[in-house]
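The structure under discussion appears below in the form of structure tokens.
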Amino acid sequence: MAIHYNKKHVHKLSFFDKLYIPRILFGMIYTFKQMFARKITTTYPDKKWIPSSIFRGRPVLVEREDHTGTRCVACGLCARVCPPLAINIQANETLLPQERQPETFEIDMLRCIFCGYCEEICPEEAIIMSSEYDITFSSREEAIFNKEKLLISAEQAKARIDFLKNFKNKPPKI
Ligand code: SF4
Ligand code: SF4
């Protein structure tokens, strides 16, 4: 079968291209220069990369400022929007000021795709994306993070919450 091709798309080699040697030399010069360029790789895990607050690492639950549990009011919105159905919540009524808290709050980190939808939908800033990216497990059970494993203090969450306040959901300028 004859193969037809459009001559417009055929790149014609110049005399310079046909010599090959100059191109090889250019390549070698470029490689040599890279030996002295600023290194952008790190020797992980000896040297850990600390991401900035814009980074979307694994989701975490934020503790209340008075340390009486999580900010979460068990509304279930995050579980509703989670695309891979990674969140499992069982609500319970409490005597805390917020009246409802999750009895069970689990995230299956094997399912989580770090999309951040849960963070976006949460009305309480109770679930946020952290800077943690190097999580490992040796079994499926270990990959299911419960409330205790997900909880971080408000101080630890401050950088991300400040970022969200400054760069997201800003009211439009009139
Ligand atoms: S980051 Fe995305 S996938 Fe992970 S728990 Fe939140 S909504 Fe689900
Ligand atoms: S959306 Fe926020 S408040 Fe509602 S259940 Fe999820 S973490 Fe809790």
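The structure presented is a predicted model; accordingly, all values stated were derived computationally and were not measured.
Of the inter-residue distances, the one linking C72 atom SG with E63 atom CD reads 13.5 Å to the nearest 0.5 angstrom. Between the CG atom of L61 and the CD1 atom of I152 there is a distance of 9.0 Å, given to the nearest 0.5 Å. To the nearest 0.5 angstrom, D108 atom CG is 5.0 Å from I144 atom CD1. With values rounded to the nearest 0.5 angstrom, R160 atom CZ is found 13.0 Å from K165 atom NZ. Residue M109 holds its CE atom at 5.0 Å from CG of L150, rounded to the nearest 0.5 Å. Taking CZ of R58 as the reference point, atom OG of S131 lies at 9.5 Å (rounded to 0.5 Å).
E125 and V62 get closest at one heavy-atom pair: O-CG2, 3.7 Å. Across all their heavy atoms, M129 and C115 have their closest contact at CE-N, 4.5 Å. Shown here for R111 and A86, the closest heavy-atom pair between the two residues is CB-CB, 3.7 Å. The two atoms that bring L164 and E119 nearest to each other are CD1-OE2, 3.6 Å, heavy atoms only. Scanning both residues, I87 and C118, for their nearest heavy atoms gives CD1-CB, 4.0 Å. Nearest heavy-atom pair across G76 and I89 is CA-CD1, 4.1 Å.
Both cation-pi conditions hold for K48 and Y133: the charged atom is under 6.0 angstrom from the six-membered ring centre and inside a 45 degree cone around its axis.
Between F55 and W49, the angle of the ring planes goes over 60°, which puts this pair in the perpendicular group of the 30/60° scheme. In this pair, F32 and F36 present their aromatic rings perpendicular. The plane angle is above 60°, beyond the 30 to 60° band. Using cut-offs of 30° and 60° on the angle between ring planes, the pair F145 and F137 is perpendicular.
More than 12 non-hydrogen atoms from other residues, nucleotides or ligands lie less than 6.0 angstrom from CZ of F163. Within 6.0 Å of atom NZ in K158, 12 or fewer heavy atoms from other residues, nucleotides or ligands are found, so the atom counts as exposed in its surroundings.
Distance alone, capped at 3.5 Å, is enough to place a donor-acceptor pair between the K147 side chain and the P102 backbone. In this structure a side-chain-to-backbone donor-acceptor pair under 3.5 Å is present from S139 to E142.
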* Where do F105 and T70 land on the side-chain contact (heavy atoms from CB on, under 4.5 Å) test, with the steps shown first? -> CA-CA 10 Å; F105 196 112; T70 161; over 6 Å; no
* Between F167 and I54, does a side-chain contact (heavy atoms from CB on, under 4.5 Å) hold up when you go through it step by step? -> CA-CA 9 Å; F167 297 103; I54 196 172; over 6 Å; no
* To do: Kindly determine whether V60 and I128 satisfy side-chain contact (heavy atoms from CB on, under 4.5 Å), including the steps that lead there.
  => CA-CA 6 Å; V60 290; I128 59 163; 3.6 Å; yes
* To do: Decide side-chain contact (heavy atoms from CB on, under 4.5 Å) for M28 and T31; before the verdict, give the C-alpha distance in whole Å, the side-chain angles of both, and the deciding distance to 0.1 Å.
  => CA-CA 5 Å; M28 289 173 78; T31 308; 5.6 Å; no
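I135 and L151 fall within the same hydrophobic cluster, defined by Ile, Leu, Val, Met, Phe, Trp and Tyr side-chain heavy atoms under 4.5 Å apart, directly or through other members. A continuous path of hydrophobic side-chain contacts links I107 to F114 [ILVMFWY only; heavy atoms under 4.5 Å].
Taking the side chain as every heavy atom from C-beta outward, L13 and Y20 approach each other to under 4.5 Å. Residues N92 and T104 form no side-chain contact, since every pair of their non-hydrogen atoms from C-beta on lies 4.5 Å or further apart. Annotation: side chain of P59 is in contact with side chain of C112 (closest heavy-atom distance under 4.5 Å).
Of the N and O atoms on the side chains of S153 and Q156, at least one donor lies less than 3.5 Å from an acceptor on the other residue.
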